[in-house]
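Since the structure comes first, as structure tokens, the remarks are kept for the end.
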Amino acid sequence: MTTILSLNSSFKFAVNENKTRRGPKRASEFINQYDPIKQKISNSVRSKSSVMKTSSSRQMENLVSYVEDGSVENALQLFDEMNKRSTFLWNIAIRALTSNGYFEEALDLYHQMRTEGVQPDKFTFPFVIKACGGCLDLVTGKKVHSNLFKFGLISDLHVSNSLILMYAKVGHIGSAEKVFDEMPVRDLVSWNSMINAYLFVNNGLTSLTCFSRMQQSGIKPDRFTIVSALHASSLIHSLPNGKQIHAIIIKTKSESNEMIQTSLIDMYVKCNAINYAERFFNLISPRHVAAWNAMIRGYNLNNKPLESFSCLKKMQENRINPDVISLINFLPSCSQLQSMFSGKTIHGYAIRIGFLPHFVLETALIDLYGKCGNPRLSEIIFDRMDQRNLISRNTMIDALVKNGRYQHALKIFRDIWDHDLKPDPTTITMILDIISDIAGLQEGKRIHGYVVISGFYSNTFVLNSLVYMYAKCGDLDSGRVLFDRILTKDIVSWNTIILANGFHGFGEISVNLFLEMIKKGIKPNSSTFFSVLSACSFSGMVEEGWKFFISMKSDYGIDPGIEHYGCILDLLARIGDLDRAKRVITEMPLEPTSRIWGSLLGASRKHRDLELAEFVANRVLSCEHDNTDHTGLYVLLSNLYAEMGRWEDVRRVKSLMESQRLRKTDGLTFVEVKGETFRFMNGDRSHKDSNLIYKVLDVILENRYGDLCKFKPVDFLQRMSKSTDWHSVRLAVCFGLISTAIGKPVLVRKNVRICEDCHCVMKKISLTCQREIVVGDSKIFHHFRHGRCSCHDYW
DNA sequence: TTAGGGTTAG
């Protein structure tokens, strides 16, 4: 049997295949070909030869039969041709549309029914209400709800059950609860609907509480209840709850139900209990495709992408053909392993089998290519999709953001409104990430305004991103105010505010926040320790840093990762304890990374320890073929050699970089003026005020190596000075100085670390202009005031 | 009138 992974990629056909749009027709295309409303209005002139011409009772039988077979097109065509259409017939036609997902069309038909003066009955409304929920049309939903009084159906059991889910789908859980509470009689479906309603608003806990209430009322759960209760357990990641429901499944002998089997596996994998999922999966016989799919997804959710690969292979060995969901579930494993080849193989397979176009699969492919560093392929797929929802747009934005294509990502964000969509919390957090990187404080404030009016103000995920955005845009105070207002602070809220104070140089505040968090009984995680350790490092708090480093293992059982060792090294390097730093590196249980060597190299450069620099250089250069991106490290090494006047070594490092096709990252600086973000490159002359900017820079650069700058060898200054004169940060700051009110701080953001030369110049500017200059580089924020920097010249 | 395995963000 041929397996997917052995189908050596037919990807090369992908682009052309997409163009020609082969594969099954999308439902929307199909329904557009046959629009019952439009055709009825124009008194259809279509040929009727294909439809059976029979007596009215025969017509009715045929209509029911078409609906039962799912032949919506035939059913509606026949309905159009009927002369006398009773409420019963209208109900059947509306049901045909609603049950097949044509919600808007179902509502159109309902309006047509009313226009023609046909009275709806208790069978009409459940379908109409379901259609309102399906297309999230709260306005029509409310109108229909109020009409129920007129028809005396306000207490009808089935109608009320439909209302519960309709309100939940549009996010109005309060209205759903009100309908449920006011029902004179409730049946099992009422309870199931309410339990399910809470799931639509991601409230697993209340859903489970409702499940308990139902059991206390003496009502026995059925398969619908169990599936919802399992979903609720997975939402709150509660393995104990999930296991209790498993016990009910055993007790009620429901284990053979395929949907229950799949939901049970899904619950276990989402509660990070892949072993339980495997154990149950192995008991299933025969194993159906949904169960295999749940396992494939389960492995990548549990960080076992290789097992996901073998699961797909085993599935095919067991002669189960993967369906489109198998591929969708498998693709994240390809991204996790950065295996573009496997992803392309799946893409090719999907084309061969005819799974494409399929907007969810296309979205998963956009995600794959974005995560594997090929946003161009993501764009090709996105541009050619004929159906795009908010998730596909969010995924495209993410693919662009991950690959530094900020402007393009912002364009897709701004286009969202043109397609009758609204950004959701996911969109907002991603856009705030961009704004954080380009210092777009005013744009960030506009997004903050949108968050307030769009009802996401209680979403902790969004609020955490806003706190981070304010801090990264230099407005730490606003970030702190917002943090204090978060009602349900989670661990990320605390980590963010601790980190933010750290990179602004307020280590003591970070430490106090950490202690406050512990006092409130919140358990720190690995990221919390990274935040507090880096804060200690940036503020030179050696004793505290060591204390936290030891405490993370001894008090909280968290093994230090390489990033924590990096902080400790920075800390030791800062105080010049280079022997101890070297000892930490040689004794740590982890393989040193580029970042670790960089930390030590930076320290040796700072403390003029040439012996240590040589040691690091030899170690780095000896592992030049290990596929790690050492770009930053090579640049550091090259600068070090340059400062020492060892030009031969500078050339050696540069040729090494060339041989590995490594290129120094282009320095970019962003500055926001009057709500608009301006970008400067080194030596940039593209700005309309360039002449003025350079003149101001010339004035500032006079006497540039005065008292504030450290001594440097003359040879180095001669070779290097010209190259730093027009560094982007200086251009951006000069533009900021001439474009903002005298006395106001000037804030800029850089994509790489600030160089020592520019650091000197910034101090000088802050002194001569008597203005605060804030430079956020790729690591920390430098607040320059009165000729001094908050980093105390160590960064 | 109610249900499973489907794509996105720290």
Side-chain angles (χ1 to χ4, degrees), chain A residues 95 98-99 122-123 125-130 133 156-166 168 187-197 199 221-231 234 257-267 269-270 288-298 323-332 335 358-368 370-371 388-399 401-402 423-433 436 459-465 467-468 490-493 495-496 499 525 527:
Chain A
R95 191 181 87 182
T98 302
S99 307
K122 67 173 186 178
F123 297 102
F125 287 107
F127 303 119
V128 172
I129 292 166
K130 184 179 177 179
D156 183 88
L157 182 63
H158 287 187
V159 173
S160 300
N161 288 346
S162 322
L163 282 171
I164 293 171
L165 278 183
M166 184 274 288
D187 67 355
L188 178 58
V189 178
S190 320
W191 282 98
N192 286 348
S193 300
M194 201 59 232
I195 292 167
N196 206 9
L199 302 180
D222 67 354
R223 58 194 193 285
F224 291 87
T225 330
I226 287 170
V227 166
S228 297
L230 286 170
H231 186 178
S234 63
N257 180 287
E258 283 192 8
M259 288 198 189
I260 289 182
Q261 289 172 341
T262 312
S263 302
L264 194 56
I265 295 172
D266 187 60
M267 179 276 295
V269 302
K270 286 183 178 151
H288 43 97
V289 66
W292 283 100
N293 291 349
M295 288 305 296
I296 290 172
R297 180 70 174 136
D323 64 8
V324 70
I325 298 176
S326 318
L327 307 192
I328 291 163
N329 283 1
F330 178 72
L331 286 172
S335 323
H358 182 291
F359 80 102
V360 178
L361 180 57
E362 285 162 328
T363 306
L365 286 166
I366 290 172
D367 188 52
L368 164 90
K371 285 186 174 141
R388 301 184 194 104
N389 63 3
L390 187 61
I391 299 180
S392 45
R393 286 168 206 280
N394 285 349
T395 310
M396 189 63 233
I397 290 174
D398 187 48
V401 171
K402 282 203 166 60
D424 69 355
T426 303
T427 328
I428 291 166
T429 51
M430 288 186 303
I431 294 301
L432 285 173
D433 253 10
S436 304
N459 183 314
T460 305
F461 204 124
V462 170
L463 293 173
N464 292 344
S465 299
V467 170
Y468 186 74
D490 63 9
I491 185 70
V492 181
S493 320
N495 293 352
T496 305
L499 186 73
N525 63 14
S527 301

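Lettering follows sequence order; numbering is per chain, from 1.
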Using a heavy-atom cut-off of under 4.0 Å over every strand shown, decide if [X] touches base, sugar-phosphate, or nothing.
| X | result |
| --- | --- |
| A:Arg393 | nothing |
| A:Thr395 | sugar-phosphate |
| A:Glu258 | base |
| A:Val289 | base |
| A:Asp323 | base |

Between the base of [N] and the side chain of [X], is one N or O donor paired with an acceptor at under 3.5 angstrom?
| X | N | answer |
| --- | --- | --- |
| A:Thr363 | B:dT7 | yes |
| A:Asp433 | B:dG10 | no |
| A:Thr262 | B:dG4 | yes |

Go through [options] for me and flag the one nearest to the [X] side chain.
| X | options | answer |
| --- | --- | --- |
| A:Lys402 | B:dG5, B:dA3, B:dA9 | B:dA9 |
| A:Leu165 | B:dT1, B:dG10, B:dT2 | B:dT2 |
| A:Ala290 | B:dG5, B:dA9, B:dA3 | B:dG5 |
| A:Asn196 | B:dT8, B:dG4, B:dT2 | B:dT2 |
| A:Asp187 | B:dT7, B:dT1, B:dG10 | B:dT1 |
| A:Asp222 | B:dT2, B:dG4, B:dT7 | B:dT2 |
| A:Ile328 | B:dA3, B:dA9, B:dT7 | B:dT7 |
| A:Asn293 | B:dG10, B:dG5, B:dA3 | B:dG5 |
| A:Asn464 | B:dG10, B:dT7, B:dT1 | B:dG10 |
| A:Phe224 | B:dG5, B:dA3, B:dA9 | B:dA3 |

Practice prompt. List for me each residue that meets side-chain hydrogen bond (donor to acceptor under 3.5 Å, both in side chains) alongside A:Thr429, sequence neighbours excluded, and say none if there are none.
Written response: none

Short side-chain N/O contact to [N] OP1/OP2 from [X], under 4.0 Å:
| X | N | result |
| --- | --- | --- |
| A:Lys130 | B:dT2 | yes |
| A:Arg223 | B:dT2 | no |
| A:Lys371 | B:dA9 | yes |

Worksheet item: Can you tell me if A:Asn329 uses its side chain to pair, donor with acceptor, with the backbone of A:Asn293 under 3.5 Å?
Response: yes

Worksheet item: Donor-acceptor pair, A:Thr225 side chain versus A:Asp222 backbone, under 3.5 Å?
Response: yes

Worksheet item: Between A:Ile366 and A:Asp398, does a side chain to side chain contact (heavy atoms under 4.5 Å, CB included) hold up when you go through it step by step?
Response: CA-CA 9 Å; A:Ile366 290 172; A:Asp398 187 48; over 6 Å; no

Worksheet item: Using centres under 5.5 Å plus planes under 30 degrees as the test, is A:Tyr468 stacked with B:dG10?
Response: no

Item to complete: Classify the side-chain pair A:Ser392/A:Asn389 by whether it contains a donor and acceptor separated by less than 3.5 Å.
Response: yes

Worksheet item: Mind checking what makes side chain to side chain contact (heavy atoms under 4.5 Å, CB included) contact with A:Thr460, not counting sequence neighbours?
Response: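 Partners of A:Thr460 under the side chain to side chain contact (heavy atoms under 4.5 Å, CB included) test: A:Asn464, A:Ile486, A:Thr488, A:Asp490, A:Ser493.
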
Worksheet, complete the sentence: Atom CG of A:Leu365 and atom P of B:dT8 are separated, to the nearest Å, by 12 Å

